[in-house]
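Each remark here refers to the structure printed beneath this line.
Since we're looking at a predicted model, the values are computed, not measured. Letters A, B, ... mirror the listed sequences (proteins, then strands); counts begin at 1.
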There are 2 protein chains.
Amino acid sequence: MHGASLLARLRRHGLRLTAQRRVIAEALEGAHVHLTADEVFERAVGRLPEISRATVYNTLNQLHALGEVREITIDAGPRRYDPNVERPHQHLICDRCGTVRDVVPLGDISLPADQRYGFAISDIQVTFRGLCPACARPSR
Amino acid sequence: MHGASLLARLRRHGLRLTAQRRVIAEALEGAHVHLTADEVFERAVGRLPEISRATVYNTLNQLHALGEVREITIDAGPRRYDPNVERPHQHLICDRCGTVRDVVPLGDISLPADQRYGFAISDIQVTFRGLCPACARPSR
DNA sequence: ATTAATGCAAAGACTTTGCACCGGT
DNA sequence: ACCGGTGCAAAGTCTTTGCATTAAT
């Protein structure tokens with residue numbers, strides 16, 4: 001069901017294949033880090049100068065609604081987009097510089113029935129927070 | 001070290017005890033749900049009409065910086081503030097209406113050394129997501 | 001041909017900030 | 001008296017939206 005490129009997945013959802021969506025998908029998939037909408041826009045502009053921020057936002061929102069990208073919200077600052085919805089993973093975030101790394105934790109965590117309040121739980125997100133090596137250095 | 005009122009904790013940090021901070025602390029502690037800055041402001045205005053949003057934001061940020069309140073960031077929408085930093089707990093969030101409930105999960109999760117990337121991890125946040133009973137109903 | 005997608009610019013939601021005045025300590 | 005805190009209004013950051021135009025199917 002997955003494993004295909006973002007672009008292929010777009011088509012599968014019945015969305016039209018436009019140049020804009022192509023460069024947005026490429027920007028996301030080519031990144032080794034999770035980009036903000038603005039970073040996606042910057043990269044996209046390099047390949048398609050007429051593209052607009054609105055289209056980037058619209059497309060990112062659509063991809064998210066379709067479950068094809070994950071949104072990462074750091075406490076402050078813009079949202080970031082994670083194209084990897086195929087392999088389950090969680091995030092490790094530096095509280096100072098905001099760097100995000102993908103991680104696969106060990107162990108298991110769950111909610112006992114008396115803690116579910118009747119919710120239908122569909123996802124468990126685990127975020128590890130701390131300081132990355134660079135930010136932990138006392139140099140300030 | 002904790003267990004005292006927010007107000008008492010404020011004083012302990014050397015912050016001045018003002019009427020504004022008093023009503024903000026009361027708003028936070030009196031809430032059974034986690035409030036947004038604006039909700040805190042609304043409640044505060046009821047008791048102290050001259051209070052400004054800027055002061056609410058400033059104070060909330062200070063409390064957070066001091067570790068006396070927790071910030072909860074839902075994907076969309078304003079941040080919420082959780083005055084309970086005393087008893088460890090996690091959050092259960094409805095993806096449709098945004099309701100937040102405090103929960104105490106079972107189990108354990110951790111990062112193996114090869115997944116830590118040299119980070120000094122100081123916190124693990126677990127967020128359960130799903131639909132609350134009201135939003136799960138097919139009525140729409 | 002049809003209708004979704006785009007770009008632009010404007011509006012919106014949320015938060016921060018500069019500065020003169022006020023009020024805890 | 002000192003200096004942190006406050007209120008106001010303006011600015012800032014990030015995101016969404018209305019609408020006329022363009023282009024994928």
>> For residues 58-67 of chain A, which residue pairs pass the side-chain hydrogen bond (donor to acceptor under 3.5 Å, both in side chains) check, not counting sequence neighbours?
In response: A:R21-A:Q62, A:H64-A:E71
> What residue pairs, at least two apart or across chains, pass salt bridge (Lys or Arg N to Asp or Glu O under 4.0 Å) with a residue in residues 123-136 of chain A?
Replying inline: A:D95-A:R129
>> Using the salt bridge (charged side-chain N to carboxylate O under 4.0 Å, His left out) criterion, which residues pair with B:R47? Sequence neighbours excluded.
In response: B:E26
> Knowing that exactly one of A:I74, A:T127, A:L92, A:D82 qualifies, which makes a side chain to side chain contact (heavy atoms under 4.5 Å, CB included) with A:V100?
Replying inline: A:I74
> Who passes side-chain contact (heavy atoms from CB on, under 4.5 Å) against B:A120, sequence neighbours left out?
Replying inline: none
>> Restricting to side-chain contact (heavy atoms from CB on, under 4.5 Å), what partner residues turn up for B:T36, sequence neighbours left out?
In response: B:D38, B:E39, B:P78, B:R80
> How are the rings of A:H89 and A:H34 set relative to one another: parallel (under 30°), tilted (30 to 60°) or perpendicular (over 60°)?
Replying inline: parallel
>> Apply the hydrophobic cluster definition, ILVMFWY joined by side-chain contacts under 4.5 Å directly or through others, and give me every member besides A:Y57.
In response: none
> Is there a donor in the side chain of B:E68 and an acceptor in the side chain of B:H13, or the other way round, less than 3.5 Å apart?
Replying inline: yes
> For DNA chain C, what residues of residues 36-57 of chain A have any heavy atom nearer than 4.0 Å?
Replying inline: A:E50, A:I51, A:S52, A:A54, A:T55
> Is B:V104 isolated, or which residues cluster with it under the ILVMFWY side-chain rule of less than 4.5 Å, directly or via members?
Replying inline: none
> At how many degrees, to 10°, do the end axes of the helix from C:dA1-D:dT25 to C:dT25-D:dA1 meet when each uses five pairs?
Replying inline: 40°
> Which of residues 23-31 of chain B have a heavy atom under 4.0 Å from DNA chain D?
Replying inline: none
>> Counting primed atoms plus P, OP1 and OP2 as sugar-phosphate and everything else as base, spell out the protein contacts along nucleotides 20-25 of chain C at 4.0 Å heavy-atom distance: B, S or - for each nucleotide, 5' to 3'.
In response: ---BBS
> Can you list the other members of the hydrophobic cluster that holds A:L106, where links are side-chain heavy atoms under 4.5 angstrom apart?
Replying inline: none
